[in-house]
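Below is one structure; the comments refer to it alone.
In what follows, every chain begins at residue 1, and chains take the letters A, B, ... in the order their sequences are listed.
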Number of protein chains: 2
Amino acid sequence: MSGRVTSTDVAREAGLSRATVSYVLNGDTRQTIPEATRQRVLDAAERLGYRPYGPARLLRGARSTLVLMLTPGLQHATDFVAAGIVTQLGLALREHGLHLVWQLGTEDERGASVDLAPAVVLSSAGEEEAAFTDLRQQFSVPVRPAFPGLDGFLAGAATAQVEYLAGRGRRVLAYAAPSRPELQPTSEIRWRAIRSTAERLGLPEPLLLTVPDDRAQAGRELASLLDADPAPDAVCAYNDEVAFAVLAAAHDTGVPVPGRIAVIGVDNHPLGPLAVPALSTVESDVTEFVAAFAASVAGIARGEEGAEVLLPERAQVVERAST
Amino acid sequence: MSGRVTSTDVAREAGLSRATVSYVLNGDTRQTIPEATRQRVLDAAERLGYRPYGPARLLRGARSTLVLMLTPGLQHATDFVAAGIVTQLGLALREHGLHLVWQLGTEDERGASVDLAPAVVLSSAGEEEAAFTDLRQQFSVPVRPAFPGLDGFLAGAATAQVEYLAGRGRRVLAYAAPSRPELQPTSEIRWRAIRSTAERLGLPEPLLLTVPDDRAQAGRELASLLDADPAPDAVCAYNDEVAFAVLAAAHDTGVPVPGRIAVIGVDNHPLGPLAVPALSTVESDVTEFVAAFAASVAGIARGEEGAEVLLPERAQVVERAST
DNA sequence: ACGTGCCATTGACACGTGCAAGTAGACCGC
DNA sequence: GCGGTCTACTTGCACGTGTCAATGGCACGT
C-alpha cells in the first residue's frame, strides 16, 4: 500500500524511536515519559493523521473488539423484533468497548470471519447442535447462540396471550398460524404453549387456523372457523402481522371485533395502534436481558466463561381495542 | 494465543516448507506442483483444521473483502426499505467476493473500522459534505455514500403519487407529513416534489397535514382539513406508516375511503394489503440499482474509480382499494 | 564431460504493531 | 571515586502470511 501512515512515520516526524511512540499512544503506565516528549509524539501523530492499523495490532496478539452476529435466514428487514434486539445489543456492547457487526449470514460465513477475526461469534444457527459444532471448528473462536432462551421467549408470549384472554372471560380459543413455511418451527412452539396453557386453565382444546396470504381466502377460512361448535370467541395470533390479517378478514366478512371474537397479537408492532380496531398485543421487555447478555458476551471476549443469560419468558399485555 | 493452527504447523505435518503450503493453498498457477505433493498439503491442512489468519493476510498486503456500511441514525428495525436495500446489496456483493458488514453507527465509527480494515466504507452520513470529508481522513479508505441519489429517489416516489392521483381525476391534494422530527429533512423533499408536480399538472396548491402520533388527535386534524375550501379529495402520505395513520383517522371519523378521499402511501409496506381498506402505494424497483451499485463498489474495492450509480427516480404505483 | 533448461522446493524478507530487555547518562550516598 | 538507583529513551524480537529469488537435482543435447 502507498499512503498508509505508520508508527514509524510518526517516530521519524517526532525524532524519537518507534517504541516511545507506541508507549505514548497506548498510555503505557509502566514507562516514565516527560510531558514534553509526550506532546512531541502526540503532535506528530496528529499532524500526520496517524491511525494504527488494526490487522497488525491483532497479529501482535491484541484482542479483537468485534462481535460477529450471524443470523442465517433472518433478513434485516423481516423480523423487526430481532432487529430491535440486535440494535440494542449493539449499543450495550459499545459500553463494554466492543463493536457488534451484523452480517447477513447464509452459508458462507467463513469468508467474512477470516477477514474479521472477531472475538466472539453469536449465531442464531446455534440452536441446532449440528450446525453449531460445525461453526465452532470453522472459527476457532467462542461461538454462542445469538438469542439464548429463544424457545422460552416465544412460548412465554403465547402463554401470556392465553392467560390474558382467559382472564377476560374468553373460553374457546383459536390460534392463527402463519402460512410461510420458514416460520413453521417457531409457530409450532407457540402452538404448543397455547394448548398447554389452555389445558392448565381448564379451557377447551384450542382450534387451529392457518392464515393464507390471500385476503379474501383468509376471510372465508375465518368464517368457516366461526362455524365450529363450540365457536371460538378469541384468536391468539402468531404475531402482529398475522393478527393484522385476522383483523382484515374479520372486517371484510363483517365479524365484530372484539364483539364476537377478540384478537391479540405478539410483538407490539408499531402499526398496531393504527389497526382497525387498534390491536391488542403482547410485549416482552428485553432491556434487562440485553444489558446482562452484553456483559456476558464482554466476559467471553475477555476469555472468561460468560454467565448464561436467557431471554425473558415473562411477557406484558398491551391492551387496546381489539380485545 | 495458544491454539491457533498456522501454516507452519501444516508445513511440519506435511513434511514440506511453508512456501509450498502457501502455494498449494492459494492455488498459485505460476508454480508447478505435482499432484502427490498437492494432496499431501491438502490432507495435512484438513487434518489440522487449518484456517488462514485474516489479519496476517491483510498485513501482508491482501485486499480486504469487507465493505463497511455505516448508517448513523438509522436503526435496523426502523426503516425497512433501507434495510431491504442493504440486505439485497449484501447478497449482490457476495457475488463479487465481498462481504457487507452493517455497523450500527453512531459517532464512534473509528473503533470498529480499526479492527475491520474494510476495503470500502459506505456511509449514509456522506450526504452532508462536512461529515463526509471528516470520515475520509478517519479511514484512509475509499468512502462513498451509502444511498447515492437518495434525494431523487425520495422525490420520484412523491412525483409518482401525484401523477397517479391526477390521472384518476383527483384535483385537490393534501400531503400527510410525519411528526417525528428526525424525518423532517426527507419529508421536506417529498413535500417539495409534490408541490412542484401539482403545479406542473395544473392542480391547485396542495394542503399540508402533519399527522400527530395520537390517533384521536389525528382524526380531529383530518376532519378539520376536510373543511378546507376547496376540500381535498386525495392524500399523499409520506410513507405507508403515515398512510396507515390517515386511514385509521378516516375510519374513526367516518370518512369514506376512497369515496371522499383517496389515500396513497410509499414503500409497499408488507402490511399494506391488510389495511382497511387495502392501501395503495408506490414502489421503486431497486434490483437494477443494487446490481450496478454492487459492481461499482467491487470496482472501488479493487482500487478503481467506480462508476457513479444512482437510486432510481422512477417509481411504480401499486394500486389497491384505497384509491 | 559440460553447459542449458526444466522441475520441485525452500530460505528469507516485508507488512505494522506491542512490548521485553537493554543502555546511556544523571544523580545520590558513602 | 565507585557501585547503585532512577530516568529517558532505543534495539530487537515475534505475531502469520504471501511471494521473490535462489537452490539443487535431473534429463538432454552437443
(request) Using whole Å, report how far CZ of B:Arg30 lies from P of D:dT19. (result) 6 Å

(request) Take the protein atom CG of B:Leu58 and the nucleotide atom C1' of D:dG18, then report the distance between them rounded to whole Å. (result) 12 Å

(message) Quick check: closest heavy atoms across A:Val5 and A:Tyr50, and the distance to 0.1 Å?
(response) O-CD1, 3.3 Å

(request) Taking only heavy atoms on the protein side, list every residue of residues 33-43 of chain A lying under 4.0 Å from any atom of DNA chain D, sorted numerically. (result) A:Pro34, A:Thr37

(request) Take atom CG of A:Asp9 and atom C1' of C:dC15, then tell me their distance rounded to the nearest Å. (result) 13 Å

(request) With the side chain of B:Arg4 defined as its heavy atoms from C-beta on, choose the nearest nucleotide among C:dA8, D:dG16, C:dG18. (result) D:dG16

(message) Base of D:dC20, side chain of B:Tyr23 - is there a donor-acceptor contact under 3.5 Å?
(response) yes

(request) Rounded off to whole Å, could you give me the CZ-to-P distance for the B:Arg60 and D:dT17 pair? (result) 13 Å

(request) Check the distance between C:dG16's C1' and A:Leu25's CG and give it to me in whole angstrom. (result) 13 Å

(message) Regarding A:Pro52, tell me which of base, sugar-phosphate or nothing describes its non-hydrogen contacts under 4.0 Å with the strands shown.
(response) sugar-phosphate

Per-pair distances, 0.1 Å, donor-acceptor, side chain in residues 289-298 of chain A, under 3.5 Å, sequence neighbours excluded:
residue: A:Ser296; atom: OG; partner: A:Ala307; partner atom: O; Å: 2.7

(message) Rounding to an integer number of Å, can you tell me how far B:Leu59 CG sits from D:dC15 C1'?
(response) 9 Å

(request) Go through residues 15-22 of chain B and report each residue with a non-hydrogen atom lying under 4.0 Å from DNA chain C, sorted by number. (result) B:Leu16, B:Ser17, B:Arg18, B:Ala19, B:Thr20

(request) Using a strict cut-off of less than 4.0 Å between a Lys/Arg side-chain nitrogen and an Asp/Glu carboxylate oxygen, indicate whether B:Arg144 and B:Glu305 qualify as a salt bridge. (result) yes

(request) Taking all non-hydrogen atoms of both residues into account, name the closest pair between A:Leu58 and A:Arg63 and its distance. (result) CD2-C, 4.1 Å

(message) Is there a side-chain contact between A:Tyr53 and the phosphate of C:dG18, meaning an N or O under 4.0 Å from OP1 or OP2?
(response) no

(request) Provide, to the nearest angstrom, the distance between the CG atom belonging to A:Leu48 and the P atom belonging to C:dG16. (result) 14 Å

(request) Could you check B:Gln31 against B:Ala56 and say which one's nearest nucleotide on DNA chain C is further toward the 5' end? (result) B:Gln31

(request) Please state how far atom CZ in A:Arg51 lies from atom C1' in C:dT17, giving the value in whole angstrom units. (result) 15 Å

